[in-house]
Asks: 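Sending over a structure as structure tokens; questions will come in a sec.
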Amino acid sequence: MNETPHRYTAELAGQIEVAWQDRWQEWGTFHAPNPAGPWAEPEKVAGREKLLVLDMFPYPSGAGLHVGHPLGYIATDVFARYNRMTGKNVLHCLGYDAFGLPAEQYAVQTGQHPRKTTEENMVNMKRQLRRLGLGHDDRRTIATIDPDYYRWTQWIFLQIYNSWYDPEAEREDGGRGAARPIAELVEQFANGERPTPNGRDWVALSASEQSAILDGYRLAYTSEAPVNWCPGLGTVLSNEEVTNEGRSERGNYPVFKRNLRQWMMRITAYADRLADDLDRVDWPEKVKLMQRNWIGRSQGARVSFPVVGQDASIDVFTTRPDTLFGATFMVVAPEHPLLDSIVSQGDWPAGTKEAWTGGAATPKEAVAAYQLQASRKSEVERQTEGKDKTGVFTGAFATNPVNGEQVPVFVADYVLMGYGTGAIMAVPAQDNRDWEYATKFELPIIRTVQPAEGHPEDEAYTGDGPAINSSNDEISLDGMGVAEAKSTIIAWLEAKGFGEGTVSYKLRDWLFSRQRYWGEPFPIVFDEEGNAHAVPESMLPVSLPDVPDYSPKTFDPDDAASSPEPPLSRVPEWVEVELDLGDGRGVQKYRRETNTMPNWAGSCWYYLRYLDPANTEALVDPENEAYWMGPHATPVAGAPAGVQDPGGVDLYVGGVEHAVLHLLYARFWHKVLHDLGHLSSDEPFRKYFSQGYIQAYAYTDERGQYVPAAEVEETAGEYGGDPIYSWRGQPVNREYGKIGKSLKNVVSPDEMYEAYGADTFRVYEMGMGPLELSRPWETRAVVGSQRFLQRLWRNVVDEETGEVRVVEAPLDADTARVLHKTIDAVGRDYAALSFNTAIARLIELNNALTKLDAVPREAAEKIVLMVAPLAPHIAEELWSRLGHDETLAFAPFPKADASMLVEETVTCVVQIKGKVRDRIEVPADISEDDLREQVLALPKVVAATENGVRTVIVRAPKLVNVVPA
RNA sequence: GCGCAAGUGGUGGAAUGGCAGACACGCGGCACUUAGGAUGCCGUGCCCUCGGGCGUGCGGGUUCAAGUCCCGCCUUGCGCACCA
């Protein structure tokens with residue numbers, strides 16, 4: 001009946017794919033040898049280059065994968081497989097980021113324990129990914145929820161907790177500033193080398209006093225500070241997890257500022273290095289820029305303005321100290337700590353304008369009312385109220401140090417406590433915000449930079465120009481440009497003791513605790529005085545207890561007055577412990593820390609565990625870390641001259657959504673571990689590639705409800721108009737966006753395996769376009785990739801008999817040339833992650849082979865090897881049928897014969913005045929003179945150059961451009 | 001508002017300053033078929049008086065030659081957003 005029983009159908013593809021997946025597993029094909037540690041196989045490492053390829057750490061979602069998820073995994077797999085065929089020792093594997101909010105929320109929804117649902121989700125995801133044929137080292141699969149894993153997460157926390165940042169420490173790269181053990185700081189305090197902050201003897205201080213001082217230095221510390229409290233999630237969040245609109249990134253709930261005692265990570269100590277070292281890694285500029293913006297380093301000056309009639313001064317940060325002479329008033333944030341003491345106690349001073357008082361009888365009342373009003377505003381309200389300037393006069397004046405002018409001090413919420421010093425000198429002439437405020441409150445404006453020609457009279461001028469109105473008895477900036485004026489005035493301020501050049505950052509310390517159940521417990525206990533103690537390494541891991549009630553206490557999302565309540569605090573038998581911490585104090589009563597770590601903790605270092613997952617002695621054997629991640633001999637392209645290579649993962653592929661979250665946190669942890677001597681590399685991700693997303697169309701009916709995208713029919717519009725979409729006969733609107741359940745446009749990889757097979761799916765995803773671009777999913781287009789693989793199959797296997805049909809014959813010259821050109825191009829494309837163009841080349845070669853009566857063995861074997869990284873199963877199957885016993889995973893990738901890359905004859909394009917007018921076949925090695933002569937003799941050229949020739953451009957052998965007179 | 005990308009057929013996309021549209025989808029035709037939503041082959045930027053003309057968001061410029069380089073504008077996407 002069936003005339004083509006051996007056709008490469010989805011069914012046959014499925015059989016082949018599963019069989020090869022079993023073989024790879026059985027043979028341990030993708031096990032990568034380590035130089036040291038428990039899995040040491042130094043003899044297999046010797047003499048090979050290494051390559052460490054990494055995907056972003058996935059969390060096992062209950063919804064399973066959709067076709068967008070595997071895009072990056074396929075890309076890294078193709079790259080890894082290609083490099084394996086060039087002889088490299090390639091490490092590629094995947095683990096699971098299984099703690100955290102999504103896993104917990106899913107568990108809450110389904111009413112089951114998070115561990116159970118998480119493990120089930122991991123099983124499902126592993127099945128989906130295995131069916132894709134990824135060449136992962138499956139021995140190295142890890143999960144953050146595994147106690148053997150989070151033991152090391154806790155160990156790293158202790159390393160950070162037991163460290164401080166010494167800005168004077170010399171680094172091996174010549175820079176200054178590094179993490180050092182806190183014990184060394186204690187020693188400095190104890191032997192008097194470093195005075196304690198309050199000047200008292202270290203040994204005379206109580207344990208609590210010592211503890212409080214050390215908290216001011218530790219890289220992980222607790223502090224009582226305003227944090228982002230999200231009642232809807234029942235937890236606090238880091239700044240990075242809060243959106244511009246003041247809502248939680250996950251769940252979009254309102255977030256409120258609350259003063260709470262929380263764990264923080266002193267990432268600000270690393271601000272400079274995190275910003276500077278971006279120059280040493282190969283990342284997209286866009287992502288580097290996002291990190292630089294987030295760190296927000298700006299050069300400027302701190303200037304002190306003495307408060308008139310008080311023994312106090314207001315410090316401001318400014319990036320424009322050159323404009324000091326134009327400072328006509330000052331503004332402090334409503335939360336500024338000095339505010340209460342500087343507000344004048346009596347009536348409004350003489351000259352107070354009505355607009356400054358906010359309608360209050362005294363400055364004290366006005367400021368109190370304004371503070372209250374500001375404190376009641378949520379972040380959301382600040383946003384929605386727009387940028388209307390509000391504020392009141394404090395009644396106080398401060399002295400401008402450059403000219404002795406007494407300027408009024410205002411309180412206004414356009415100045416933020418969280419940046420700089422929380423106070424500014426206002427220079428309306430050179431700052432738009434200050435201009436607005438000055439105009440609204442009738443304050444003087446003095447230009448101190450000459451505006452450019454044609455600049456509007458009624459606007460601030462923020463550009464460069466010569467300084468004006470900027471002199472006193474000692475100094476004059478007049479005539480200087482902005483840069484020179486800045487350095488001149490800073491030198492003067494420093495000499496007079498009025499201020500100093502300084503740097504300010506937008507980056508804040510990282511809030512590290514969460515009031516959730518499903519996360520790593522802190523290895524911290526509190527004694528009866530409330531002082532924190534590290535749990536000794538020997539007692540790790542501190543296990544997450546099984547509890548009957550793991551769900552977090554959540555609140556009305558708008559209930560700002562609610563307080564977090566960690567689920568672990570409801571387990572007294574776990575919280576209350578008696579321990580001997582080995583610190584000489586013997587067995588004591590302690591209370592465990594009941595907060596848990598954020599899910600970033602486990603994902604901050606997982607790539608390190610991949611290197612040595614079975615190691616029980618260390619998080620990674622130093623030799624393994626140095627082998628896989630150590631610095632290269634030469635820095636990345638574009639790095640400043642003379643810098644050291646930081647090392648790190650050779651290729652990291654993932655979405656840009658983690659540009660300032662995971663990618664910044666991981667860099668910070670990595671640098672701490674580097675400083676403490678645990679890692680030779682100084683950056684985690686040497687090269688990062690930001691992949692695009694696969695999106696899909698979604699359709700809404702007349703009521704705006706989403707309808708199943710798979711059931712929508714498309715019909716051509718009349719007279720070439722736009723196509724019309726309909727669902728069950730009714731017209732629907734098309735939208736473009738994310739793939740998701742709520743949009744009813746999910747396509748799962750399982751459906752693709754079923755309908756086409758994994759290889760076809762892989763080729764389609766890689767062939768759709770460049771990896772960095774987002775593109776729409778189109779199921780009906782997948783068939784093109786299937787046709788390609790079918791033709792490839794047919795070139796080797798007879799569809800009717802199943803016999804191999806290649807012939808033992810030499811290649812004809814044309815085929816040989818196409819083959820070698822393809823080899824040349826495809827190799828370069830793979831190395832450059834240009835998989836879409838590699839596929840196009842392979843299709844062209846395959847189509848050329850299809851036109852032959854029979855395919856010579858050499859061509860068949862080479863195209864099979866070249867296809868193997870993309871479509872490994874069909875390639876293995878054909879390779880095997882061609883008579884090879886072993887996997888082609890390590891078969892050498894074909895090499896192009898350079899002599900085959902040059903054509904004997906070339907089509908030369910003949911242009912007249914830059915337009916193509918003719919073509920001639922010429923020998924590839926034709927001389928310029930011969931070619932010029934031939935072209936000028938062509939009838940069309942002769943006709944066009946009746947009036948003579950102005951010039952002839954010859955680019956032998958491909959192009960001649962004749963320009964007639 | 002500030003900053004960064006990107007604009008190429010009906011669609012996804014190719015093109016070291018040198019033949020614009022590789023490859024694929026879709027569409028049209030043909031073959032094979034009881035059948036085709038299978039498979040194969042051919043065609044497919046637009047206009048045309050079949051000579052050719054016009055074409056890479058718009059307007060200028062550099063060049064013998066511009067999708068590519070430069071200037072200005074428009075549009076879209078992304079990031080930041082009272083950051084002093």
Side-chain angles (χ1 to χ4, degrees), chain A residues 3-4 7 9 244 284-294 296-298 300 316-321 323 327 331 333 382-383 386-389 412-416 418-427 430-434 436-437 462 504-507 656 659-660 714 716-717 720-723 763-764 767-770 772-788 790-791 794 799 834 836-844 846-847 850-851 907-919 950-955 958-964:
Chain A
E3 290 174 39
T4 52
R7 171 167 290 172
T9 58
N244 291 337
E285 278 308 315
K286 172 194 161 83
V287 177
K288 289 187 183 183
L289 193 69
M290 284 166 71
Q291 290 215 348
R292 286 200 186 96
N293 286 341
W294 187 260
R297 176 167 57 186
S298 49
V316 302
F317 174 74
T318 176
T319 55
R320 293 294 304 275
T323 63
V331 184
R382 277 202 180 185
Q383 284 294 324
K387 316 225 157 153
D388 255 8
K389 296 286 181 290
D413 68 1
Y414 85 92
V415 172
L416 311 172
Y419 183 76
T421 61
I424 62 158
M425 64 175 207
V427 187
Q430 275 85 228
D431 183 283
N432 293 318
R433 299 153 300 183
D434 297 345
E436 266 181 60
Y437 197 84
T462 56
S504 189
Y505 304 89
K506 218 180 90 177
L507 183 70
V656 75
V660 287
E714 176 182 339
D722 291 338
V763 171
Y764 174 65
M768 292 165 81
E772 64 270 27
L773 242 59
S774 292
R775 45 265 163 90
W777 178 262
E778 195 180 5
T779 298
R780 68 178 178 182
V782 179
V783 68
S785 304
Q786 188 183 34
R787 286 178 192 148
F788 163 49
Q790 275 179 341
R791 282 197 291 268
R794 200 179 305 126
E799 286 189 335
S834 301
N836 55 325
T837 50
I839 290 169
R841 292 297 203 140
L842 289 167
I843 290 174
E844 283 180 294
N846 192 51
N847 288 348
T850 302
K851 290 190 170 70
T907 305
C908 177
V909 172
V910 179
Q911 296 182 341
I912 293 169
K913 259 180 92 179
K915 300 208 182 253
V916 180
R917 283 296 118 98
D918 208 350
R919 293 183 173 85
R950 183 141 68 107
T951 183
V952 182
I953 310 286
V954 183
R955 291 283 178 273
K958 294 190 119 168
L959 179 130
V960 176
N961 188 8
V962 180
V963 184

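So you know, we letter chains A, B, ... as the sequences are listed, proteins then strands, and number each from 1. What you see below is based on every heavy atom in this structure, not just the backbone, and it leaves out hydrogens, waters and symmetry mates.
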Asks: Tell me which nucleotide among B/G13, B/C41, B/C19 gets nearest to the side chain of A/Q911.
Replies: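 Out of B/G13, B/C41, B/C19, the nucleotide with an atom closest to A/Q911's side chain is B/C19.
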Asks: Taking only the side-chain heavy atoms of A/T318 (C-beta and beyond), determine which of B/C64, B/A84, B/U39 contains the nearest atom.
Replies: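 Nucleotide nearest to A/T318's side chain: B/A84.
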Asks: So how far is it from A/Q786 CD to A/Y764 OH, rounded to the nearest 0.5 Å?
Replies: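 So the gap between those two atoms works out to 13.5 Å.
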Asks: Can you figure out which of B/A24, B/A22, B/G13 approaches the side chain of A/I843 most closely?
Replies: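 Within the option list, the nearest is B/A24.
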Asks: Do other residues, nucleotides or ligands put more than 12 heavy atoms under 6.0 Å from the NZ atom of A/K288?
Replies: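 Counting neighbours around NZ of A/K288, more than 12 heavy atoms of other residues, nucleotides or ligands fall under 6.0 Å, so yes.
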Asks: Closest to the A/N836 side chain: B/A38, B/G13, B/G40?
Replies: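 For the A/N836 side chain, the nearest candidate turns out to be B/G13.
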Asks: Among the nucleotides B/G13, B/C19, B/C82, which one has an atom lying closest to any side-chain atom of A/D413?
Replies: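 That would be B/C82.
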Asks: With sequence neighbours left out, write down each residue that passes side-chain hydrogen bond (donor to acceptor under 3.5 Å, both in side chains) with A/T779, or none if nothing qualifies.
Replies: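 Only A/W777 meet the side-chain hydrogen bond (donor to acceptor under 3.5 Å, both in side chains) criterion with A/T779.
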Asks: Is atom CZ of A/R841 surrounded by more than 12 heavy atoms (other residues, nucleotides or ligands) closer than 6.0 Å?
Replies: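 Atom CZ in A/R841 is not crowded, with 12 or fewer foreign heavy atoms closer than 6.0 Å.
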Asks: Distance check, rounded to the nearest 0.5 Å: A/F788 atom CZ versus A/E844 atom CD?
Replies: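 Answer for the CZ-CD pair, A/F788 versus A/E844, is 11.0 Å.
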Asks: Select base, sugar-phosphate, or nothing to describe what A/R297 touches, counting heavy atoms under 4.0 Å on all strands.
Replies: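 The answer is nothing, as A/R297 stays clear of every strand by at least 4.0 Å.
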Asks: Determine, for A/Y437 and A/K389, whether the Lys NZ or Arg CZ falls below 6.0 Å from the six-membered ring centre while staying within 45 degrees of the axis.
Replies: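 Not flagged: A/K389 not positioned over aromatic ring of A/Y437.
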Asks: Looking only at side-chain N and O atoms, does A/R955 come under 4.0 Å of OP1 or OP2 in B/C19?
Replies: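 A/R955 to B/C19 OP1/OP2: no side-chain N or O under 4.0 Å.
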Asks: Which part of the nucleic acid, if any, lies within reach of A/L289 when heavy atoms closer than 4.0 Å are counted: base, sugar-phosphate only, or nothing?
Replies: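 The residue A/L289 makes sugar-phosphate contact but no base contact.
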Asks: Donor-acceptor pair, distance only, cut-off 3.5 Å: does the side chain of A/R775 make one with the backbone of A/G769?
Replies: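 Flag set: sc A/R775 to bb A/G769 pair under 3.5 Å.
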Asks: For a quick test of reading the model: is some side-chain N or O of A/K506 closer than 4.0 Å to OP1 or OP2 of B/A81?
Replies: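 Answer yes for this pair, as a side-chain N or O of A/K506 is under 4.0 Å from OP1 or OP2.
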Asks: Hey, does A/V909 reach any base, or is it just sugar-phosphate, or nothing, if we go heavy atoms under 4.0 Å?
Replies: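 Base, at least one base heavy atom under 4.0 Å.
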Asks: Indicate, with a heavy-atom threshold strictly under 4.0 Å, whether A/R919 touches base, sugar-phosphate, or nothing.
Replies: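 A/R919: base contact, heavy atoms under 4.0 Å.
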Asks: Is A/L773 touching bases, backbone alone, or none of the nucleic acid, heavy atoms closer than 4.0 Å?
Replies: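 Result for A/L773 = sugar-phosphate.
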Asks: Any non-hydrogen side-chain atom of A/Y419 less than 4.5 Å from a side-chain atom of A/Y505?
Replies: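 No; the side chains remain at least 4.5 Å from each other.
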Asks: So A/R794, base contact, sugar-phosphate only, or nothing? Heavy-atom distance under 4.0 Å.
Replies: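 If one applies the 4.0 Å heavy-atom cut-off, A/R794 turns out to touch the sugar-phosphate alone, with no base involved.
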Asks: Could you please name the option among B/C82, B/G12, B/C19 that lies closest to any side-chain atom of A/P776?
Replies: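 The answer is B/G12, which lies nearest to the side chain.
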Asks: What nucleic acid atoms does A/N961 come within less than 4.0 Å of, heavy atoms only: base, sugar-phosphate, or nothing?
Replies: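 Base, at least one base atom sits under 4.0 Å.
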Asks: With rounding to the nearest 0.5 Å, note down the distance linking NZ in A/K915 to CG in A/N961.
Replies: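 A/K915 NZ to A/N961 CG: 11.5 Å, rounded to 0.5 Å.
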Asks: Just how far is it from atom CG of A/D431 to atom OG1 of A/T462, taken to the nearest 0.5 Å?
Replies: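 Output value for this atom pair is 8.5 Å.
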Asks: Taking CZ from A/R791 and P from B/A24, how many angstroms apart are they, rounded to a whole number?
Replies: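 Interatomic distance, CZ of A/R791 to P of B/A24: 7 Å.
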Asks: Going by heavy atoms in the side chains, are A/K286 and A/V656 under 4.5 Å from each other?
Replies: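 Sidechains of A/V656 and A/K286: in contact.
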Asks: How is A/E285 classified with respect to the nucleic acid when contacts are heavy atoms under 4.0 Å: base, sugar-phosphate, or nothing?
Replies: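 Here A/E285 touches no strand at all.
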Asks: Return the stems involving RNA chain B, sorted by first number, where pairs are Watson-Crick (N1-N3 with N6-O4 or O6-N4) or G-U wobble (N1-O2 and O6-N3), both under 3.5 Å, and runs are 3 or more long.
Replies: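 For RNA chain B the paired stretches long enough to count as stems (3 pairs minimum) are B:1-7 with B:74-80, B:10-12 with B:23-25, B:26-31 with B:39-44, B:45-47 with B:52-54, B:57-61 with B:69-73.
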Asks: For the atom pair CZ (A/R320) and CD (A/Q430), what is the distance rounded to the nearest 0.5 Å?
Replies: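 Spacing of CZ (A/R320) from CD (A/Q430) equals 6.0 Å.
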Asks: Report all interatomic pairs (protein N or O, nucleotide N or O of nucleotides 25-36 of chain B) with separations under 3.5 Å.
Replies:
| from | atom 1 | to | atom 2 | distance (Å) |
| --- | --- | --- | --- | --- |
| B/C25 | OP1 | A/R787 | NH1 | 2.6 |

Asks: Which nucleotide in the list B/A84, B/A38, B/A15 gets nearest to the side chain of A/T837?
Replies: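 The answer is B/A15, which lies nearest to the side chain.
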Asks: Given B/C64, B/C23, B/C82, which nucleotide is nearest the side-chain atoms of A/E844?
Replies: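 The answer is B/C23.
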Asks: Scan A/I953 against the nucleic acid and name what it touches under 4.0 Å (heavy atoms): base, sugar-phosphate only, or nothing.
Replies: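 It contacts base atoms.
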Asks: Taking the same atom, C1', in B/G17 and in B/U68, what whole-Å distance lies between them?
Replies: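 Approximately 7 Å lies between the C1' atom of B/G17 and that of B/U68.
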Asks: For A/S298, which contact category applies under a 4.0 Å heavy-atom criterion: base, sugar-phosphate, or nothing?
Replies: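 A/S298: backbone/sugar contact only, no base atoms under 4.0 Å.
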Asks: Distance check: side-chain N/O of A/R7 vs OP1/OP2 of B/A38, anything under 4.0 Å?
Replies: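 So the side chain of A/R7 is outside the cut-off, no N or O lying under 4.0 Å from OP1 or OP2 of B/A38.
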Asks: Suppose we call a contact any N or O donor and acceptor under 3.5 Å apart; does that hold for the side chain of A/K286 and the base of B/C78?
Replies: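 Side chain to base: no pair present.
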Asks: Checking one value: the base orientation of B/G9, syn if chi is within 90 degrees of 0, otherwise anti.
Replies: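 Syn conformation here, the glycosidic angle of B/G9 being no more than 90° from 0.
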Asks: Take atom C1' in B/C4 and the same atom in B/G9, then report the distance between them in whole Å.
Replies: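 Comparing C1' positions in B/C4 and B/G9 gives a spacing of 29 Å.
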Asks: Syn or anti for B/G77? Use the chi torsion, O4'-C1'-N9-C4 for purines and O4'-C1'-N1-C2 for pyrimidines, with syn inside 90° of 0.
Replies: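 Base orientation relative to the sugar is anti.
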Asks: Which part of the nucleic acid, if any, lies within reach of A/N847 when heavy atoms closer than 4.0 Å are counted: base, sugar-phosphate only, or nothing?
Replies: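 Counting heavy atoms under 4.0 Å across all strands, the contact made by A/N847 is with sugar-phosphate only.
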